[in-house]
Each structure stands twice: as C-alpha cells, then as structure tokens.
Chemist: 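So that we are looking at the same thing, I have put the structure below in structure tokens.
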Amino acid sequence: MAIKTIGIVGAGQMGSGIAQVAATSHFHVIMSDISEALVERGKSNISTSLDRMVQKEKITPPQKRDIMDRIEGIVDMGEMKGADFIIEAATENEGLKLSIFKELDGICGKEIILSSNTSSLSITKIASATTRPEKVIGMHFMNPVPAMELVEIIKGLATSDETFRTTKGLAEKLGKTPVEANDFPGFISNRILIPMINEAIYTLFEGVGDADAIDTVMKLGMNHPMGPLALADLIGLDTVLAILNTLYQGLGDPKYRPCPLLKKYVDAGYLGRKTGRGFFSYEKT
Ligand code: CAA
C-alpha cells in the first residue's frame, strides 16, 4: 500500500518537527494533540521554522503555504483512521505510550504500521499493547528534526522484516538516513549521548567547571556543534532525566544514575529552552 497520509501523535517539538519534514516531503499529515491549543502551538512552531527557510530562500512563500496546507491538526484520535502510517511522538512516558498504542490499535486498520519516536523505551513492550506486534517499530528522529539527518530504526522482538523495510523506505522518502539499532534501553544514540550529558552535569555539580566552561571545552576541544549542557536544554531536561532512568533501570548499572542536580532542576521546572531556563537562560518565544 502506498503511504500518502502520515498520522503523527503529539504536536510538541518532535511531533511538529516530524510533521514539518513529512509535509515538506509532500505527504499529507494528520497531527494530533490533547488540546486545540497544543495543536495550534505545534502549527505555529512549524510556521516559524518554515519562515526561516523562506528567509534563507530555500523555499518560496507559496511553497510554505502548500506545506502548511498539507498539515491537518486534530484532537479527536478517531481521525487517525485516515492515516496510512503512524508516528507516535508523545511524551517519553511508558504508561502513556502503552495507552496510546492500545487506542491506535483499535482505531487504525490492521495493515497500518504503528511506529514510535520513543528515545529509549522498549519497542517490544510498546508492541505488546497492540494486537499487531509485527507492525510496531521504533522510528527515532533527532532534534531539531528538520536539521538532523539521522533516523534510528528499531525492531521489537516481533517486528516483521516487511515492517522494517517499509519504515526504512519511508525514512528515506523523508530525506533522512536510517540506521538500524537493536531494542535495548536508549538504542545506540541515547546509550552514548545521554551518559555524556549526565557526566557534563556531574562536572558542573562537582564544581569542576561552570556551564560556559564545560560547553566551551566540548565545542572548541571536541568540535561538537553545541555543548552538552546547551544540548540538554534543547532536548528538555525532563526528557534527559526520563532517558537516564530508563538506562539506569533497564541496564541496572550505577554508571547511569542521574545526577542529583538534574533531578533538582526538573523538580524546579527548569526544563531547558521550552521553559526559558535550564543550565542556561533563554528568552521565551
Ligand atoms: N528547525 C529547522 N531547521 C533548523 C532548526 C530548527 N529548529 N535549527 C537549525 N536548523 C537548520 C538551519 O536552518 C540550518 O540549515 P542550513 O545549514 O541548511 O542553512 C542548519 O540547521 C544549521 O543551523 P544554524 O546555522 O541556524 O545553527 P547552527 O549551525 O548553530 O546549528 C544545530 C544548529 C543544527 C542545532 C547544531 O547546533 C547541532 O547540530 N546541534 C546538535 C544537535 C543534536 O545533537 N541533536 C540531537 C539531539 S539528541 C536527540 O534528539 C535524540 C534524543 O532522543 C534525545
């Protein structure tokens, strides 16, 4: 079956980024969230991101309008029935994802692939909430989605080869480079990235350097495009903490224990760019 319409669950920074890329690649997009306000915020983020591309003369204003027109915002999940392929990009919370997959399983036709943009949770477990585990797969995009080339593709225990091939082909149609990873906590990307970020937070916590020094060392010394603390602010400190807890619990090794400073920041509501404050301060947009 040809994929024409992609259903995206969640209009946050990942969901809206995926929606933008899919609509730019000429797919019709159905993007859902739990309220009209969240759907509208997602659309507004896409509009701002496309404006930057217009300014850089990568797309024209009419092209921007066409892309926006291909994105349909919904709050009633029942409308996901019209989608040929689902990408779930809700909050990184296992209970929430299990309930969304159970709901999607009841809504979408039996032939539809249900993929998750989870950054660390078990695809095998998510698939168990459905009656089609062979059609459940991980499709992990990187943030900011329009700028990052990678998509990690993760097969659960029961995922079929056909589901893998279709998902890989879709990632390529979205202009991304797919890489296969096995279903382990954090897959490849976050197994490596998140402990580095946690160590940077410990480095701050223990007073080895201040936030500017830590990020400057990694930018100028290791040629990273941004420092680990600024990257944590971009990802969202709540998401970084959730991934660390998944690594810690899933792999059982104390080297993954989250730094107390990270927990404190999350408790305080310092979640990074999205709240205007994390390890650095940001003007709220
Ligand atoms: N939306 C759309 N495009 C964006 C963008 C956004 N939010 N942010 C940047 N871009 C694009 C720009 O348009 C620009 O494109 P061109 O080169 O084609 O003109 C390109 O990205 C570079 O942007 P800028 O010149 O404005 O800024 P920069 O050179 O400082 O790069 C960056 C910004 C791409 C974010 C860069 O700093 C970077 O690569 N940082 C690391 C990001 C990273 O590691 N992401 C992975 C996070 S981990 C993750 O997502 C997985 C997880 O599960 C936690």
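Just so you know, ligand 1 is whichever comes first in the structure, and atom 1 is the first atom listed for that ligand.
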Chemist: Is a donor from one side chain sitting under 3.5 angstrom from an acceptor on the other, for Glu149 and Thr177?
Modeler: yes
Chemist: Report yes or no: does Asp33 contribute a side-chain atom to a donor-acceptor pair with the main-chain N or O of Ala11 at less than 3.5 Å?
Modeler: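 Such a contact is found between Asp33 side chain and Ala11 backbone.
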Chemist: When you measure from the side chain of Glu92 to the backbone N and O of Ser120, does any donor-acceptor pair fall under 3.5 Å?
Modeler: yes
Chemist: Keeping the roles fixed (side chain from Thr246, backbone from Pro185), state whether a donor-acceptor pair exists under 3.5 Å.
Modeler: no
Chemist: Does ligand 1 have any N/O atom under 3.5 Å from a protein N/O, and what are those pairs and their distances?
Modeler:
{"from": "ligand 1", "atom 1": "1 (N)", "to": "Ser49", "atom 2": "OG", "distance (Å)": "3.2"}
{"from": "ligand 1", "atom 1": "8 (N)", "to": "Arg52", "atom 2": "NH2", "distance (Å)": "2.9"}
{"from": "ligand 1", "atom 1": "10 (N)", "to": "Arg52", "atom 2": "NH2", "distance (Å)": "3.3"}
{"from": "ligand 1", "atom 1": "13 (O)", "to": "Lys56", "atom 2": "NZ", "distance (Å)": "3.1"}
{"from": "ligand 1", "atom 1": "15 (O)", "to": "Lys58", "atom 2": "NZ", "distance (Å)": "3.3"}
{"from": "ligand 1", "atom 1": "18 (O)", "to": "Lys58", "atom 2": "NZ", "distance (Å)": "2.1"}
{"from": "ligand 1", "atom 1": "19 (O)", "to": "Lys56", "atom 2": "NZ", "distance (Å)": "3.1"}
{"from": "ligand 1", "atom 1": "19 (O)", "to": "Lys58", "atom 2": "NZ", "distance (Å)": "2.6"}
{"from": "ligand 1", "atom 1": "45 (N)", "to": "Asn143", "atom 2": "O", "distance (Å)": "2.7"}
{"from": "ligand 1", "atom 1": "50 (O)", "to": "Asn143", "atom 2": "N", "distance (Å)": "2.8"}
{"from": "ligand 1", "atom 1": "53 (O)", "to": "His140", "atom 2": "NE2", "distance (Å)": "2.7"}
{"from": "ligand 1", "atom 1": "53 (O)", "to": "Asn190", "atom 2": "ND2", "distance (Å)": "2.8"}

Chemist: Hey, does the Lys NZ or Arg CZ of Arg277 hover above the aromatic six-ring of Tyr270, less than 6.0 Å from the centre and inside 45° of the axis?
Modeler: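 Cation-pi check for Arg277 and Tyr270: passes.
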Chemist: Less than 6.0 angstrom separating the ring centers of Tyr265 and Phe279, yes or no?
Modeler: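 Yes, the ring centres sit under 6.0 Å apart.
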